[in-house]
> 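Here it is: the structure, laid out below.
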Amino acid sequence: MALLDTDAPALPLGGPGLPQERRLITDLPGPRSAEILARKADAVPAGVGHTVPVAAVAAGGGIVVDADGNSLIDLGSGIAVTTVGNAHPKIAAAVAAQAAQFTHTCFMISPYESYIAVAEALNRLTPGDFAKKSALFNSGAEAVENAIKIARKHTGRQAVVAFDHGYHGRTNLTMALTAKSMPYKSGFGPFAPEVYRAPMSYPFRDGLAGSEAAARAILQIEKQIGADNLAAIIIEPIQGEGGFVVPADGFLPALSEWCTANGVVFIADEVQTGFARTGHMFASEIFGVEPDLITTAKGIAGGLPLAAVTGRAEVMDASHAGGLGGTYGGNPIACAAALAAIDVFENDGVIERAQQIGRLLSDRLRAMQAADPRIGDVRGHGAMIAAEFVDPQTNAPDAALTAAVAKAAIAQGVIVLTCGTYGNVIRFLPPLSIGDELLNEGIDIIAAALAAS
Ligand code: PLZ
């Protein structure tokens, strides 16, 4: 039905029947949001920041509504989470039905079918035609932690390699895996040991072919760690927080082949790229790799907290009984939401919509780039596209320009996120329920902000 019908006048997807239009009736924040944010400053520590100075009260389609009745265009999906749209009716119904049935038993105490059904779906949908198993957790960071535990147990080795610009979370082990110090790590150490960093393929900045970048990384790994000591390498097929860095062709397959040849577990962190975001169910498919383990979260359950590790059955089974788990992992409400979301991903044309959005975004951004050399690079796949801002003379990152453009767009009611090691990337992660009109209006506003900066 109207899920992906972009001609629908309102509410293509989700929620409380919201008109699909940007509408500012106050400056941002309006008085009600300002009051709520003042309470935030008193009650919530400063370390928990926010990007958009409004308090949300409703969201659906491509719109977020704030406490003063302003409607903002959503180009962020709450960091790549509400891929099927916010408050999707199928998810809202599944959540309500499950909440009325039971909210928790703890899967480790009294298992239930929906967890198993989510595991079966993940085993079927992830790349690789081999026997797989899945374990469920609550957050992306928790999935990453567990993937590393599983890889260590399977290999009997300790070292783990992550990559320049990589992001894997904010817990102690995942801080160690994450590359960027500010704001994620600074002052929060000491970090988990036996974590090493290898150079990433970043075609815009290193100019290397995928095979060259892989040879560089592998040489460093062999010389500085040694394959015999290495349990796993973990990599985002397209880096998220690090700047939507798309590795050169051949980079990921070469790493994956080296891992296989050396008994190292190849872990793809698809927390941000997974579930149709890139115009494929998983980004690993774009590069033709079949990871041993895949971590997922974010888009998996339409906004409910759920995460997973999926992978080769013999690797996943390495842990002794009782070695994996957690009180809430695979909570029944989150599993009900995931089953509803997976139904939408498989049956409602979501992947095709991500590809359409990708074409629209990259066409528009490339046209802007042709007219303005401060856009050094446009890259990404599907509804995960970014523009990198630079000084056109030197290609040096221009974080100040990036921040100014994002701030101006947000002030006009467009929720847009930045990213990148150098803070000079604007990323587009719209919900796939957004209509073309809102998407174009959002880009128009960003283009005008750039022209004025
Ligand atoms: N792996 C690839 O993108 C989360 C974090 C934003 P959690 N990215 C958004 C922030 O500032 O905290 C992410 C990711 C990749 C792991 C994670 C961690 O997922 O669900 O936030 O723990």
Side-chain angles (χ1 to χ4, degrees), residues 44-52 75-83 136-149 160 162-186 188 192 195 200 232-247 252 266-275 277-278 282-284 286 291 293-310 326 328-331 334 337-338 380-381 383-384 386 406 415-421 423 425 427-429:
V44 180
V48 182
H50 61 263
T51 303
V52 183
L75 300 183
S77 304
I79 325 187
V81 171
T82 53
T83 308
L136 304 185
F137 304 98
N138 302 295
S139 69
E142 205 191 351
V144 169
E145 294 255 354
N146 279 279
I148 304 295
K149 279 167 66 173
V160 178
F163 286 80
D164 285 336
H165 316 290
Y167 182 91
H168 300 286
R170 293 175 181 268
T171 58
N172 188 260
L173 173 57
T174 61
M175 273 194 293
L177 295 167
T178 291
K180 192 175 176 180
S181 176
M182 275 302 276
Y184 307 120
K185 304 168 72 166
S186 186
F188 297 139
V195 172
M200 178 63 183
I233 73 169
I234 180 160
I235 189 161
E236 302 155 83
I238 298 173
Q239 292 182 320
E241 306 307 303
F244 282 26
V245 178
V246 182
L252 292 173
F266 180 82
I267 306 171
D269 182 347
E270 293 237 23
V271 165
Q272 191 152 158
T273 51
F275 295 101
R277 175 52 58 187
T278 64
F282 294 96
S284 294
I286 298 169
L293 300 180
I294 297 186
T295 53
T296 53
K298 291 194 186 277
I300 188 174
L304 278 283
L306 189 72
V309 183
T310 299
Y328 295 112
N331 167 271
H381 284 269
M384 184 173 182
I415 299 177
V416 66
L417 310 180
T418 60
C419 64
T421 294
V425 177
R427 55 171 153 174
F428 295 83
L429 288 167

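Counting starts at 1 for both ligands and their atoms, following the listed order. This structure is a prediction, so every number in the text was calculated from the model and none was measured.
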> Hey, are Glu241 and Arg427 close enough for a salt bridge, meaning a charged N less than 4.0 Å from a carboxylate O?
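Between Arg427 and Glu241 there is a salt bridge, with a charged N closer than 4.0 Å to a carboxylate O.
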> Can you name the residues that come within less than 4.0 Å of ligand 1, going by heavy atoms only?
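Residues Ile79, Ser139, Gly140, Ala141, Tyr167, His168, Gly169, Arg170, Tyr184, Glu236, Glu241, Asp269, Val271, Gln272, Lys298 each place a heavy atom under 4.0 Å from ligand 1, listed by chain and number.
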> Identify, with sequence neighbours excluded, every residue that meets side-chain hydrogen bond (donor to acceptor under 3.5 Å, both in side chains) alongside Thr296.
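Residues passing side-chain hydrogen bond (donor to acceptor under 3.5 Å, both in side chains) with Thr296: none at all.
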> Is there a donor-acceptor contact under 3.5 Å from the side chain of Glu270 to the main chain of Ala283?
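Side chain of Glu270 to backbone of Ala283: a pair is present.
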> Looking only at side chains, do Thr273 and Glu236 share a donor and an acceptor under 3.5 Å apart?
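Absent: no donor and acceptor within the cut-off.
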> May I ask you to check whether Phe137 and Tyr328 place their ring centers less than 6.0 Å from one another?
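Here the rings of Tyr328 and Phe137 have centres that are no less than 6.0 Å from each other.
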> Look at the side chain of Asn138 and the backbone N and O of Pro305, then say whether any donor-acceptor pair between them is shorter than 3.5 Å.
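Pair absent, no side-chain N/O of Asn138 close to backbone of Pro305.
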